[in-house]
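Only heavy atoms go into these numbers, but all of them, side chains included; no hydrogens, no water, no symmetry mates.
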Amino acid sequence: MNATTNVKAYGTVAADAPLEQMDIQRRNATAKDIEIEILYCGVCHSDLHTARNDWGFTTYPAVPGHEIVGKVTKIGNEVTKLKVGDFAAVGCLVDSCKTCDNCKQDLEQYCSNGWIGTYNGEDKHLGGMTFGGYSEKIVVDEDFVLKVPSNLDLAATAPLLCAGITTWSPLRHWKVGKGSKVAVVGLGGLGHMAIKLAKGLGAEVTLFSRTPDKEKDAFELGADAVVISTDENHMKAVNGKFDLIIDTVPYVHDVNPYVGTLNTNGTLVLVGYLGGLEPILNTVPMIMGRKSVAGSLIGGIAETQEMLDFCGEHNIVSEIEIIKIQDINEAYERMLKSDVRYRFVIDMASLKS
């Protein structure tokens, strides 16, 4: 059994229990491990879903958090990627089999043998489940640790590790670049990053919004246009326009109106919602225009590093509201009401107070 260290964290012991301070065990760094003092941790919808067992597979106690930025405090004797004192980041993955076809293609997020999540994943070292970034420190295999560009604000970088890569991966897979016509559905943590990244890649970017109240924010984030999806004339005006639509809405909704706005060979990719579509998906416009409805998860480690480097070159970070760890339960309630622009980030120094 690996030697361990006691670490302060914030987690929950049941679906209906609040998050509160607890102690967890972290393994001591082995030869290929990097130990990171966590400075900032973003707050993702997945954190809330896991804490409250919305998906039905949470094992308790659970410590969420997979948008982690911090400072390297120890390294194993075989580590070459980073040194003590460097700034480092950890996203949604802390391990995978590394041997399947997907892993060999830098697609660890689709590991055929099951990737290991940063929290509520199988802890191959200590047994039990992995614990996430709502904690003082984390120990991760160097293959799953990322380098943070030195010019980026550390707190605002944290959400790039999930919200950023979740939208970057489909932008890259569908080869978005100069002249691409991209639309984004939903202006939250994911949606605001989709606008920034698509714009950074040179695309013409449109936000679909149900009401006009998001227009000002969308234009400030870099959108070229806003289409009110509840306005029939607005929707007709963009019929057959878009190469790619990134749908970030995290709950069941009708995607059929958006499919009609895809051009021939266009794709609507779902990144925010898991589950059945209601009402039923109408295949007529898909067949008549070779249009696709697809899904996409996060990205692999190489792609995540590429995204971070791109953000460093273009000075792209998230729009954030910094909170103390003691305010996490209130933050969850506000997140459910979309009362955040656009991502909460925990200042983990508050865990020490």
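The existence of a salt bridge linking K337 and E330 is excluded, since no basic side-chain nitrogen approaches an acidic carboxylate oxygen closer than 4.0 Å. We find that K8 and D23 are not joined by a salt bridge, their nearest charged nitrogen and carboxylate oxygen being 4.0 Å or further apart.
Applying the salt bridge (charged side-chain N to carboxylate O under 4.0 Å, His left out) test to residues at least two apart or on different chains, the pairs with a partner in residues 301-312 are R172-E306.
Put simply, the side chain of S350 gets close to the backbone of D347: a donor and an acceptor are under 3.5 Å apart. At least one donor-acceptor pair under 3.5 Å links the side chain of N53 to the backbone N or O of F57. One N or O on the side chain of T50 and one on the backbone of S46 form a donor-acceptor pair closer than 3.5 Å. N329 places no side-chain N or O within donor-acceptor distance of the main-chain N or O of P18, the cut-off being under 3.5 Å. Listed for the T12 side chain is no donor-acceptor partner under 3.5 Å among the backbone atoms of A51. The backbone N or O of C44 sits nowhere less than 3.5 Å from a side-chain atom of R343 that would complete a donor-acceptor pair. Remark: side-chain polar atoms of E142 are not paired, donor with acceptor, to backbone N or O of K32 under 3.5 angstrom. Although no hydrogens or angles enter the test, the distance criterion places no donor-acceptor pair under 3.5 Å between the side chain of H173 and the main chain of S169.
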Sequence neighbours left out, cut at 3.5 Å: what donor-acceptor pairs do the side chains of residues 277-285 make with other protein atoms?
{"unit_1": "N282", "atom_1": "OD1", "unit_2": "V284", "atom_2": "N", "d": "3.0"}

Scan the side chains in residues 178-189 for donor-acceptor partners under 3.5 Å anywhere in the protein, sequence neighbours excluded, and list what turns up.
{"unit_1": "S180", "atom_1": "OG", "unit_2": "G177", "atom_2": "N", "d": "2.9"}
{"unit_1": "S180", "atom_1": "OG", "unit_2": "G177", "atom_2": "O", "d": "3.1"}

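The environment of CG in D339 is crowded: more than 12 heavy-atom neighbours from other residues, nucleotides or ligands sit within 6.0 Å. The neighbour count for K71 NZ, taken as heavy atoms of other residues, nucleotides or ligands under 6.0 Å away, does not exceed 12. Within 6.0 Å of NZ on K175 lie no more than 12 heavy atoms contributed by other residues, nucleotides or ligands. Under a cut-off of 6.0 angstrom, the local environment of NZ in K98 is crowded, with over 12 non-hydrogen atoms contributed by other residues, nucleotides or ligands.
In this structure, the salt bridge (charged side-chain N to carboxylate O under 4.0 Å, His left out) partners of K83, at least two apart in sequence or on a different chain, are D86. Residues meeting the side-chain contact (heavy atoms from CB on, under 4.5 Å) test with T230, sequence neighbours left out: R210, I228. Remark: E220 engages K216 in a side chain to side chain donor-acceptor pair (under 3.5 Å) (not counting sequence neighbours).
Using a 3.5 Å distance cut-off with no hydrogens or angles, the side chains of T5 and N28 do pair a donor with an acceptor. In the model, R26 has a side-chain atom that pairs as donor or acceptor with a side-chain atom of S135 under 3.5 Å. Between the side chains of D33 and T30, at least one donor N or O lies within less than 3.5 Å of an accepting N or O. Judged purely by distance below 3.5 Å, without hydrogens or angles, the side chains of N6 and Q25 pair a donor atom with an acceptor atom.
Partner of E37 under the salt bridge (charged side-chain N to carboxylate O under 4.0 Å, His left out) criterion, chosen from K352, K137, K74: K352. Residue E319 forms a side chain to side chain donor-acceptor pair (under 3.5 Å) with just one option from R341, K196, H192, and that option is K196. Just one residue in the list V72, L39, V69 forms a side-chain contact (heavy atoms from CB on, under 4.5 Å) with F87, and that residue is L39.
Ring centers of Y273 and Y251: at least 6.0 Å apart, outside the cut-off. You'll find the ring centres of W115 and Y110 outside the 6.0 Å limit. For F242 and F208, the ring centers sit closer than 6.0 Å to each other.
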Let's go through Y119 and D47 carefully: what are the C-alpha distance in whole Å and the side-chain angles of both, what is the deciding distance for side-chain hydrogen bond (donor to acceptor under 3.5 Å, both in side chains) to 0.1 Å, and is it a yes or a no?
CA-CA 9 Å; Y119 60 80; D47 298 353; 2.7 Å; yes
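Side-chain contact between T264 and K291 is absent, with no heavy-atom pair separated by less than 4.5 Å. Within the 4.5 Å cutoff, the side chain of Y342 has no heavy atoms near those of the M193 side chain.
Remark: I68 CD1 to T157 OG1 distance equals 14.0 Å, nearest 0.5 Å. For the atom pair N120 CG and T58 OG1, the distance stands at 5.0 Å (nearest 0.5 Å). Atom CG of residue D224 and atom CG of residue L207 lie 11.5 Å apart, to the nearest 0.5 angstrom.
When the side chains of ILVMFWY residues are joined at heavy-atom separations under 4.5 Å, either directly or via intervening members, V148 and M348 end up in a single hydrophobic cluster.
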